[in-house]
Amino acid sequence: GVPLVHLRNRFHKVPPFIWTLARAYQHFYATTNTWPSKDNADDFCQETRTWLKEEASKNPDVLPTNHLGTQDQLVQLAALSQADVPPVCAVLGGIIGNEVIKVISGKGEPAIKH
C-alpha cells in the first residue's frame, strides 16, 4: 500500500486518524490472520506501535508514533474493531430486504438500475 506519510494534503499535515486506524486494523490482520478484539488487544497494541514506528521512520516529521493514542486508547480501539451498531444494521437490513422483494416480485423500481 501507499506509505502513510504520503496520505496527507494541505488540510491534513498528518494522515487522517480514521485512515490510519483502518490501515492499522488491516496490518494487524495481515500479520496475525485475526482481527483485533478485546481478547488480543495487547498484541494489537504491540503490533500497531511497531508498525507506526516503521511508518514514522520514513518521515518522522509527518507521522508521530503516538498518532493513534495511548496504550489505553489502543486497547479501546481493538475492542471496538468488531463492534456492531444495531440501528445501522437494522436500517441497512430493511433497505436491502425491500430491494430484494422489489427484484423478486417485479413490482416497483429498484434503487439501483444496473
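Sequence positions, counted from 1, serve as the residue numbers for this chain.
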Open item on the list: Does any part of the side chain of D72, heavy atoms only, come nearer than 4.5 Å to the side chain of Q76, both counted from C-beta?
Closed with: no
Task: All side chain to side chain contact (heavy atoms under 4.5 Å, CB included) counterparts of V100, not counting sequence neighbours - done: I96, I104
Task: Flag side-chain contact, heavy atom, 4.5 Å: V75 against C45 - done: yes
Task: Test item: Q71 and D42 side chains (from C-beta on) under 4.5 Å apart, heavy atoms - done: yes
TODO: Compare all side-chain heavy atoms of T48 with those of L52 and state whether any distance is below 4.5 angstrom.
DONE: yes
Open item on the list: If the condition is side chain to side chain donor-acceptor pair (under 3.5 Å), which residues does K53 pass it with, not counting sequence neighbours?
Closed with: none
Open item on the list: So, taking the atom named CG in D43 and the one named OG1 in T31, what distance separates them when rounded to the nearest 0.5 Å?
Closed with: 9.5 Å
Open item on the list: Under the rule for ring-ring contact (aromatic ring centres under 6.0 Å, His included), what residues qualify as partners of F44, not counting sequence neighbours?
Closed with: Y25, F28
- [ ] Taking all non-hydrogen atoms of both residues into account, name the closest pair between R49 and G69 and its distance.
- [x] NH2-O, 3.1 Å
Open item on the list: Any heavy-atom pair between the side chains of R23 and T20 that's under 4.5 Å?
Closed with: no
Open item on the list: Just to verify, what does F17 make a ring-ring contact (aromatic ring centres under 6.0 Å, His included) with, not counting sequence neighbours?
Closed with: none
Open item on the list: Are L80 and L21 connected into the same hydrophobic cluster when the rule is that any two of I, L, V, M, F, W, Y join if their side-chain heavy atoms are below 4.5 Å apart?
Closed with: no
TODO: Taking atom CD of Q46 as the centre, report whether more than 12 heavy atoms of other residues, nucleotides or ligands fall under 6.0 Å from it.
DONE: no
Open item on the list: Let's go through I101 and K107 carefully: what are the C-alpha distance in whole Å and the side-chain angles of both, what is the deciding distance for side chain to side chain contact (heavy atoms under 4.5 Å, CB included) to 0.1 Å, and is it a yes or a no?
Closed with: CA-CA 8 Å; I101 290 171; K107 297 180 180 179; over 6 Å; no
Task: Side-chain heavy-atom pair Q73, L68 within 4.5 angstrom cut-off - done: no
Task: With sequence neighbours excluded, residues passing side chain to side chain contact (heavy atoms under 4.5 Å, CB included) with K102 - done: N98, E99
Task: Residue list, ring-ring contact (aromatic ring centres under 6.0 Å, His included) with H67, at least two apart or on another chain - done: none
Task: Hydrophobic cluster membership, W35 vs L74, 4.5 Å side-chain cutoff - done: yes
